[in-house]
Participant: 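Got a structure for you, written out below as structure tokens; questions coming shortly.
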There are 2 protein chains.
Amino acid sequence: MTSGRAGTGSGGDDDWAARIAALENPRHAGRGRKDPITLDRIVEAALAIVAEEGFEALTMRRVAGQLRTGPASLYAHVHNKSELDDLLIGRLCAQVRLPEPDPARWRDQIRDVCAQLRDRFLSYPGISRAALAAAPRSIDTLAINEGMLAILVTGGVPAQSAAWAIDAAYLYVCAYCLEASYRREPGSGRDDRVLRADEMAARLRMLPASRFPHTVAHASELAAGGGHERFDFTLGALFRGLGATAS
Amino acid sequence: MTSGRAGTGSGGDDDWAARIAALENPRHAGRGRKDPITLDRIVEAALAIVAEEGFEALTMRRVAGQLRTGPASLYAHVHNKSELDDLLIGRLCAQVRLPEPDPARWRDQIRDVCAQLRDRFLSYPGISRAALAAAPRSIDTLAINEGMLAILVTGGVPAQSAAWAIDAAYLYVCAYCLEASYRREPGSGRDDRVLRADEMAARLRMLPASRFPHTVAHASELAAGGGHERFDFTLGALFRGLGATAS
DNA sequence: TCGTAATGACGAACGGTGTTCGTATCGCGT
DNA sequence: ACGCGATACGAACACCGTTCGTCATTACGA
């Protein structure tokens, strides 16, 4: 999450400093005019579209249509589509509840934060693609980083390991959600049906054993993993591997 | 990688069975006609475009242009753009060299396979987005799965852990490469410059310490990580955490 | 109060995308 | 020779993000 870009926008230090200053001075809302286009309304409309139809359905025209205006109107509020994407991610990150760090339960706590983030992303199918593209340009995404860092460092994980583990977990959460979203999306130009585990295993067993011996032998394990078992397994392993260092 | 979809295409069992049968019967090339459009030429042209200009630059028109024809011509060979994307991923996976499993070095071996995949994906900026979207629909991507499974199982990792670890590693590799590609892509609608670690740390230190105490205190660790240090760290932790179970 | 500048709103148009449909040509089998 | 299937591909469709120009409103300074 903090791997080389710090949301500088186009303005360099001045822009970044201004953004920090804006922490204390939230932008005023519309000035009493009835139903003006506001950034907040744009973001809300966009999130509704993504929730309903997936990230690929999110276009400037669709957002504008929800607001009963034309797409050009949006550009008074956002520079471009990328910026709108970033705002959406910021909004989702702001909805994650960060716990008071407890050294005795740091593993549970970090996993809970990841699970919350996962669930936020999964509620908006495909949106984690924007999360991968986004620099941590909003204060809300940096707040997630801060919260996770607090958990790990308070739990005794060395700062360097903590920093990199957060990066790793975030990337994994994004990928997990993106892949899951593609799997469930019927209109993605693909005709794949989501297979039940036994169907999936049967498919794998049809492969030639001469060339795919392990795949055929372990088809059921390869196909297993309902709910978020894979997610839990991965983060469990990651933080366990971290713990093996953090002792 | 094998988490619910098995590249069924639109034909169900017949299509899958036909694809397995095709393992022994490769499609004949063009029938002596000079420079016919072939699937191979399409894939090569597409990969060249991605290598040069990134995945976002890959359009049917661009590919067709490289082949000195119109975009409609491509549809005699691929159903749609998604299918072309999948073929590209299959091609890249086919280029990964899978080792003869050695139980004494399974950790090194699995990490090497992941690193090869990473480097393949990084050579084609942004293409791992297609890898996340793709079902493992080609035999080549399933071959990667088989190779990794062989390494882990031969190394003593229980089959279920192995299966899920492969899935996790693959997702992480894809996300890592995608995020890295976005960071390096100047034309992505963003004006971010890639920051040096010290610049990045300085930015983080500008945040208010009252709200970001850990971030400010550990800015240099958060910004650290040159080359593929983060990649190595993550996979190290993941497989170490796996090893803690696999004893 | 008035004039000007700034801001917001937004239609028309631009250059771009994936895809379909219809037409033409070629190769193969009967 | 004829018919059919496969390949090739232009024209057109519906859609995309964005810019530019115009208009209306608001805010500010004299």
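Numbers restart at 1 for each chain; the letters A, B, ... are given by sequence-line order, proteins then strands. Computed from a predicted structure; not experimentally measured. Heavy-atom basis, side chains included; hydrogens, waters and symmetry copies ignored.
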Participant: Separation of A/E83 atom CD from D/dT18 atom C1', in whole Å?
Facilitator: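 From A/E83 CD to D/dT18 C1': 14 Å.
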
Participant: Please check the phosphate of D/dC9 (OP1 and OP2 only) for any side-chain N or O of B/T69 closer than 4.0 Å.
Facilitator: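 Yes, B/T69 has a side-chain N/O under 4.0 Å of OP1/OP2 on D/dC9.
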
Participant: Considering just the side-chain nitrogens and oxygens of A/S73, establish if one lies under 4.0 Å of OP1 or OP2 belonging to C/dA9.
Facilitator: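 Checking C/dA9 against A/S73, no side-chain N or O comes under 4.0 Å of OP1 or OP2.
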
Participant: Just the rounded figure in Å: distance from P of D/dT7 to NE2 of B/H79.
Facilitator: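 Atom NE2 in B/H79 sits about 12 Å away from atom P in D/dT7.
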
Participant: D/dA8, OP1 or OP2 - any side-chain N/O from B/H77 closer than 4.0 Å?
Facilitator: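 Looking at the OP1 and OP2 atoms of D/dA8, one of them is under 4.0 Å from a side-chain N or O of B/H77.
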
Participant: Taking atom P of C/dT19 as reference, at what distance in whole Å does atom CG of B/L74 sit?
Facilitator: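 To the nearest whole Å, that distance equals 10 Å.
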
Participant: Looking at residues at least two apart in the chain, or sitting in another chain, which of them share a salt bridge (Lys or Arg N to Asp or Glu O under 4.0 Å) with B/D198?
Facilitator: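 Listed in chain order: B/R196.
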
Participant: Taking atom P of D/dG17 as reference, at what distance in whole Å does atom CD1 of A/I42 sit?
Facilitator: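 So the two atoms are 14 Å apart, to the nearest Å.
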
Participant: Take atom CD of A/E56 and atom P of C/dT17, then tell me their distance rounded to the nearest Å.
Facilitator: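 Atom-to-atom, A/E56 to C/dT17, this comes out as 16 Å.
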
Participant: For the pair made of CG in A/L39 and C1' in C/dA9, what is the distance, rounded to whole Å?
Facilitator: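 For the pair A/L39 CG and C/dA9 C1', the rounded distance is 15 Å.
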
Participant: Would you please classify the geometry between the B/H228 ring and the B/Y176 ring as parallel, tilted or perpendicular, with 30° and 60° separating the classes?
Facilitator: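 Answer is tilted, since the angle falls between 30° and 60°.
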
Participant: For A/A76, which residues count as a side-chain contact (heavy atoms from CB on, under 4.5 Å) partner, sequence neighbours excluded?
Facilitator: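 With sequence neighbours excluded, A/A76 shows a side-chain contact (heavy atoms from CB on, under 4.5 Å) to no residue whatsoever.
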
Participant: Not counting sequence neighbours, which residues clear side-chain contact (heavy atoms from CB on, under 4.5 Å) with A/E44? List them please.
Facilitator: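 Expected list: A/D40, A/R91.
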
Participant: Given the ring of A/F231, does A/R118 sit roughly above its face, with NZ or CZ under 6.0 Å from the centre of the six-membered ring and within 45° of the axis?
Facilitator: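 Flagged: A/R118 positioned over aromatic ring of A/F231.
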
Participant: Looking at D/dT7, C/dT20, C/dA9, which one has an atom nearest to any side-chain atom of B/Y75?
Facilitator: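 Selected nucleotide (nearest to the side chain): C/dT20.
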
Participant: Find every protein N or O atom lying less than 3.5 Å from an N or O atom of nucleotides 12-16 of chain D, and list the pairs.
Facilitator:
from: D/dC16; atom 1: OP1; to: A/T59; atom 2: OG1; distance (Å): 3.2

Participant: When you measure from the side chain of B/A72, which nucleotide among C/dC10, D/dG17, C/dC21 comes out closest?
Facilitator: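 Looking only at side-chain atoms, B/A72 lies closest to C/dC21.
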
Participant: Distance check needed: D/dG10 P versus B/I37 CD1, whole Å only.
Facilitator: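 One finds 10 Å between P of D/dG10 and CD1 of B/I37, rounded.
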
Participant: State which residues pass side-chain hydrogen bond (donor to acceptor under 3.5 Å, both in side chains) with A/Y172; sequence neighbours excluded, sorted by chain then number.
Facilitator: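 Result, side-chain hydrogen bond (donor to acceptor under 3.5 Å, both in side chains) vs A/Y172: A/T234.
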
Participant: With sequence neighbours excluded, what pairs up with B/Q66 under the side-chain hydrogen bond (donor to acceptor under 3.5 Å, both in side chains) test?
Facilitator: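 By the side-chain hydrogen bond (donor to acceptor under 3.5 Å, both in side chains) rule, B/Q66 matches no residue at all.
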
